[in-house]
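A short write-up of the structure that comes next.
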There are 2 protein chains.
Amino acid sequence: MTSPANILRSQLEEEIITGLLKENTRLDEVSLAERFGVSRTPVREALIQLTTAGLVVKRPHKGNFVAEVGPTLLIEMFDVMGEYEAMAARLAARRASKEDIEKIREAHLDCTDAVLSGDTDDYYYKNEKFHKTILTAAHNSFLEEQSGILHRRLKAFRRLQLRTRGRMQSSFDEHNEVVKAIEAGDAQKASNEMRKHVVVQGERFADLLATISQRNAEKLIHAAKE
Amino acid sequence: MTSPANILRSQLEEEIITGLLKENTRLDEVSLAERFGVSRTPVREALIQLTTAGLVVKRPHKGNFVAEVGPTLLIEMFDVMGEYEAMAARLAARRASKEDIEKIREAHLDCTDAVLSGDTDDYYYKNEKFHKTILTAAHNSFLEEQSGILHRRLKAFRRLQLRTRGRMQSSFDEHNEVVKAIEAGDAQKASNEMRKHVVVQGERFADLLATISQRNAEKLIHAAKE
DNA sequence: ATATAATTTATTGTATACAACTTCATTGAC
DNA sequence: GTCAATGAAGTTGTATACAATAAATTATAT
């Protein structure tokens, strides 16, 4: 599990996700091998894994490149992420045990401190925990896994969002609605509130785009209105 | 794209999905290499890809095994599949163009022939096309991709379901409800109808389980009732 | 001088050789 | 006779060597 190839994979994954390795950067096998002090074989294995994960694109006999996450794809991914979370909320509303609900309530309350102190980093973690708690309460490990994969991929963009002024308070308020719906066992409402909460829209959408490509922002704000 | 490694991957994938290679079957690298007339390297590459896809599990220094799809996981996957399709229907209800709706209507009508002739194989293909049309109308290529991956993985189980008596007619009726909702632009209803349509429940659920393990069927019917 | 073709260089894709680890069997001791 | 320990065999993980393909540069012809 902690073989050189796996370390390599997670390391590269991290660098791509955080944006340290920029889009379309060529990932030369020999250079990477030298850098990590291994042969090309484990490097190739790591690259293959990242390719199937969608983080790297292989052009036959041309090389491996960091996959570009265009604005369109990014929005699409956020939409799907919203659906994962909405599904979790819906299932949680139906399936959550007393203990599950207690944990959700707890995680929700924990967020209060971060909101009051205005600590966005703190809120980021507590927010993550809140969402994770609901995913667990959905009792669908496959959903949890898929959601986790996408979540990691969106990590870099997600974090930026919370920095927006007033976002933390409104995020907390939205959590509140979700919790109420789950407690009431209202699957439909829990689902809808959660989707609204996660999905990027309006001005937040424009902010997000600005973090990727300044140039293409305008024409895509239009598209966002649908 | 059609390199030896890729041919190998799709071939193995097919054999695992169709059940030709049973669960927990050991995938010996040298044997596979001999069988396909290549060296171990491309075999390993294919196995890595299948591992990240979740079809194969690697136990370090022990070997590669066909991942087992237990009843629980299978239900979970069907649930997520239902959510993908529900999302597609929801988005289609909001975003579908006149041409999109026309294509959906067309695909739906095409199913009529199969229902009347009672040809389950024919219906299988036309049903697939119907669902694909809605996915396209959702205008989210990432969703389309994710859905496609899971769809292929569930292929073997899905096909069996249609054989159930009367399932074709009720499936068609459910399609009808979905189409109506999309045409009316009722996102909520389109979504819910589609989810109900796809998700496995009730007796169909028991039928499905029987195809995997006869033994574990009973105790899981209980779980299905939630 | 420019365009095209050929050769060279660099990089990916595959094969083979070697090392590390795990498992099974055999041998020895209690 | 049984359990444990050591060794042998087999399999995965890694390194290196070789082949194939594509890009770049240079040389030649128009």
Side-chain angles (χ1 to χ4, degrees), chain A residues 1-17 20-69 145 149, chain B residues 1-17 19-70 145 149:
Chain A
M1 193 64 179
T2 353
S3 60
N6 286 37
I7 295 168
L8 241 152
R9 186 194 49 69
S10 48
Q11 177 78 14
L12 282 177
E13 188 181 63
E14 188 68 18
E15 293 187 9
I16 292 171
I17 286 172
L20 212 112
L21 284 167
K22 288 192 183 63
E23 295 183 359
N24 288 323
T25 302
R26 181 140 176 282
L27 299 169
D28 184 27
E29 294 180 1
V30 289
S31 308
L32 288 171
E34 282 175 19
R35 188 186 143 196
F36 286 95
V38 292
S39 81
R40 271 181 57 218
T41 309
V43 173
R44 277 184 67 79
E45 299 204 348
L47 288 173
I48 290 164
Q49 287 179 291
L50 293 171
T51 300
T52 55
L55 293 168
V56 168
V57 286
K58 284 180 100 74
R59 293 205 254 286
H61 286 279
K62 284 191 181 176
N64 307 280
F65 301 86
V66 177
E68 66 180 313
V69 181
E145 188 189 313
I149 292 167
Chain B
M1 195 64 179
T2 353
S3 59
N6 286 36
I7 294 167
L8 241 153
R9 186 193 50 70
S10 47
Q11 177 78 14
L12 281 177
E13 188 181 63
E14 188 69 18
E15 294 186 8
I16 292 172
I17 286 172
L20 211 110
L21 283 168
K22 288 190 183 65
E23 295 182 0
N24 287 324
T25 302
R26 179 138 178 283
L27 300 168
D28 184 27
E29 294 180 2
V30 290
S31 308
L32 288 171
E34 280 175 20
R35 187 185 145 197
F36 286 95
V38 292
S39 81
R40 269 181 59 217
T41 309
V43 172
R44 276 183 68 80
E45 299 203 350
L47 288 174
I48 290 165
Q49 288 179 291
L50 293 171
T51 300
T52 56
L55 293 168
V56 169
V57 285
K58 284 180 100 74
R59 293 206 254 286
H61 286 277
K62 285 191 181 174
N64 307 280
F65 301 85
V66 177
E68 66 180 313
V69 182
E145 190 190 311
I149 292 167

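Order of the sequence lines sets the chain letters (A, B, ...), proteins ahead of strands, with each chain counted from 1.
Counting to the nearest Å, the C1' atom of C/dG13 and the CG atom of A/L47 are 13 Å from each other. Going from atom CZ of A/F36 over to atom C1' of D/dA15 covers 18 Å, rounded to whole Å. In this entry the distance linking CZ of A/R26 with P of D/dA23 reads 11 Å, nearest Å. For the pair B/E45 CD and D/dT12 P, the computed distance is 16 Å after rounding to whole Å. In this structure, A/R44 places its CZ atom 10 Å from C1' of C/dT11, rounding to the nearest Å. Whole-Å rounding puts the A/D28 CG to D/dA22 P distance at 18 Å. As a whole-Å value, the separation of B/R9 CZ from C/dG13 P is 14 Å. Atom CD of B/E29 and atom C1' of D/dT12 are 6 Å apart (whole Å).
The residue among B/T41 and B/V30 whose nearest nucleotide of DNA chain D lies closer to the 5′ end is B/V30. Between A/K58 and B/R40, the residue anchored closer to the 5' end of DNA chain C is A/K58, taking for each the nucleotide with the nearest heavy atom.
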Quick one: do B/L12 and B/V43 satisfy side-chain contact (heavy atoms from CB on, under 4.5 Å)? Show the steps, please. CA-CA 10 Å; B/L12 281 177; B/V43 172; 5.8 Å; no

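Rounding to the nearest 0.5 Å places CD of B/Q49 at 6.5 Å from OG1 of A/T52.
Between the side chain of B/E13 and the main chain of B/L50, no donor-acceptor pair closer than 3.5 Å is present.
OP1 or OP2 of C/dT23 has at least one side-chain nitrogen or oxygen of B/K62 nearer than 4.0 Å.
Taking every side-chain heavy atom of B/S39 into account, C/dT16 is the closest of D/dT12, C/dT12, C/dT16.
A salt bridge links B/E15 with B/R35; the closest basic N to acidic carboxylate O contact falls under 4.0 Å.
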